[in-house]
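Inspection log for the structure reproduced underneath, given as structure tokens.
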Amino acid sequence: MSSSEHNDIVADDFENFKTIQAGLSTAVDDDSSSNNNNNQHRAATSHDGTTQPNNIALKAYDDEDNTSILMTFHNTKPSPLIIVLTIISSISGFMFGYDTGYISSALVAIGTDLDNKVLTYGEKEIITAATSLGALCTAVIAGLLADCFGRKPVIMFSNVLFLIGASMQCGAHTFWVMTVGRFIMGFGIGIGSLVSPLFISEISPSRFRGRLTVINCLCITGGQLVAYGCGAGLTQVENGWRILVGIGLIPPAIQFVVFFWLPDTPRFYIMKGQLDKACKVLAKTHLGATEDLIHDKVDELSRLNNSIPGKNIFERTINTIKEVHRVPSNLRALIIACGLQGIQQFTGFNSLMYFSSTIFETVGFKNSTAVSIIVAATNFVFTIIAFFIIDRVGRRLILLIAIPGMIVSLVICAVAFHFMGIKFDGGQAVVQSDGISGWGIVIIVGMICYVGSYAIGIGNVPWQQSELFPQNVRGIGTSYSTATNWAGSLVISSTFLTMLQKITPPGTFGLFAALSFVSWIFVWFCYPELSGLELEETQQILTGGFNIKASTILAKKRKQLHNVEAAVNFKPTINEIIED
Ligand SMILES: O[C@H]1[C@H](O)[C@@H](O)[C@H](O)[C@@H](O)[C@H]1O
């Protein structure tokens, strides 16, 4: 299908929405005494004329345009089912964090337990990298799997991989069993890292989507913190590293069992034409909405669900890949999603995560593991702050403010490293002074500021990736971006120590600062504000350009609407906004 054909279809769909919208409006048209009353009435009245409590009204935003006339569950708070689903799917995030976090202390504690000899530096690198490599392999296909088999079965499949991988590591007595265990566990991490945020964003009401998705990030950073904490506590215990790995068996087992009783997302059911199931889930996630309203929403979502043509899975996959590249709005979504994930990794954070102990030891801290916990804790605490502000401040603005914070902190670290005078001798870092110097303190403060600025913005915003893509290419689109994330993580963690040696620590941190600066420019020009918008509206925003201005105006208006809790006098059109 050509892009113009596609756009025609989208335009047709939106014409249909206008009809739905008109249908909703007729119930209130005779009451024209006040626009304010009209809108409040419409927000509170269903097709059959029955009055809804104000806080669960389902209405179309009246933009009179092609952009935001989708029906929105106005004012609904996340229902208990949404909260349970979010928490259970975020266990994938916890495992992502825990399993990538425990390895640094496990490697120290392993000693001669594998092959009865001390692991070489190269073997340690292979064990660490095996997980990222495994994650990269499955990230590439996880989206397609989730589209074919469902989000829930694929998450459950990742649990099985986690269990196999962790059991192999627990019982490993050779380097290769350990490495294969880490690799299989990586398969699970790659799938979970994609499907969990996808699942959450598909079940969330639009105004809470940012926050609910950040819960998954909170679990990632929380998992890393727990891993560092347990690692520090278990290093002296005999076979402590096996206990550390064994703890990782509990969360996937819980997630697997609980998911038996939970449904998949309504949007997945709609993709598969299982409209009844979609209605049932929507009724449970949007408590109080009448059957009529739920049916209208399902109707609307199925109209937007332009399924990809093809006789079999293979043909459909090829057509989906074509669709994501050929349709300009999809391509823009892809550029943003991969760009943000690339920025998340190539600005160097994981080098700190994996090697912070080494860095702190180098600058003179005796208890470097304890200092590393400060890094993980800062990451966690600032992700909590992100949770509170992401939907209010907006993803774009947070990044525009936080990335300069990263740049300044990185430059401070680079300068401090320069004045400390670190040299590399035979791959070993040598500091010219003994103990902790003033510059050592500057480095630690600089790193904490860097981690805080990272965690509040680029550490979690890229995981909002699912909201960028329309339903039919969401799986493949998020596969590309998640794979970018894991490829970046792999490159940075396997080159960081070499970079320190070859281009010196000031050079390395200066390079990350420069990359952060380029990232800020990318965000300024390419990343529209999507907070508060319906998932299906993003595509419209990305049609014809990145439409930054239009998106920020629309998101702002949405926020005002949510704040006054009724649709009052809100009728901008996308064309008016763009012309502005
Ligand atoms: O969002 C997460 C989080 O910021 C983690 O701390 C980091 O290790 C991951 O690479 C990233 O994807």
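As the structure lists them, so they are numbered: ligands from 1, and atoms in each ligand from 1. All values below come from the heavy atoms of this structure, side chains included, with hydrogens, waters and symmetry mates left out.
The single protein non-hydrogen atom nearest to atom 8 (O) of ligand 1 is N350 OD1, 2.6 Å, given as residue, atom name and distance. For atom 1 (O) of ligand 1, the nearest protein heavy atom (residue, atom name, distance) is G459 O, 2.6 Å. For atom 5 (C) of ligand 1, the closest non-hydrogen atom on the protein side is Q224 OE1, 3.5 Å. Closest to atom 12 (O) of ligand 1 among all protein heavy atoms lies Q344 OE1, 2.7 Å.
Neither the backbone nor the side chain of T100 comes within 4.0 Å of ligand 1, counting heavy atoms alone. Contacts between F96 and ligand 1 below 4.0 angstrom, taking non-hydrogen atoms only, involve the side chain exclusively. By the criterion of a heavy-atom distance under 4.0 Å, the side chain of N485, and not its backbone, is placed next to ligand 1.
The ring of F517 has its center no closer than 6.0 angstrom to the ring center of F512. Centroid-to-centroid, the aromatic rings of F417 and F509 come within less than 6.0 Å. In summary, the aromatic rings of Y480 and H325 are positioned with their centroids under 6.0 Å apart.
Nearest heavy-atom pair, S479 versus G143, reported as atom, atom and distance to 0.1 Å: OG-N, 2.9 Å.
Of all atoms in ligand 1, numbered sequentially from 1 with element shown, those under 4.0 Å from a heavy atom of N379 are 6 (O).
Within the structure, ligand 1 has Q345 among the residues with a heavy atom less than 4.0 angstrom away.
Taking distance alone, with nitrogen or oxygen atoms compared against 3.5 Å, Y454 approaches ligand 1 more closely than that limit. Distances between N or O atoms of N460 and those of ligand 1 include no value under 3.5 Å.
The ring pair (Phe, Tyr, Trp, His ring centres under 6.0 Å) test with F96 is passed by exactly one of F162, Y102, W486: W486.
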Margin query: For K556 and E529: C-alpha separation, side-chain torsions, deciding distance, then whether salt bridge (Lys or Arg N to Asp or Glu O under 4.0 Å) applies.
Written below: CA-CA 9 Å; K556 202 162 146 201; E529 184 53 69; over 6 Å; no
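For the pair V523/I458, no side-chain contact is recorded, criterion being any heavy-atom separation below 4.5 Å from C-beta on. The shortest distance between side-chain heavy atoms of F346 and I492 falls below 4.5 Å.
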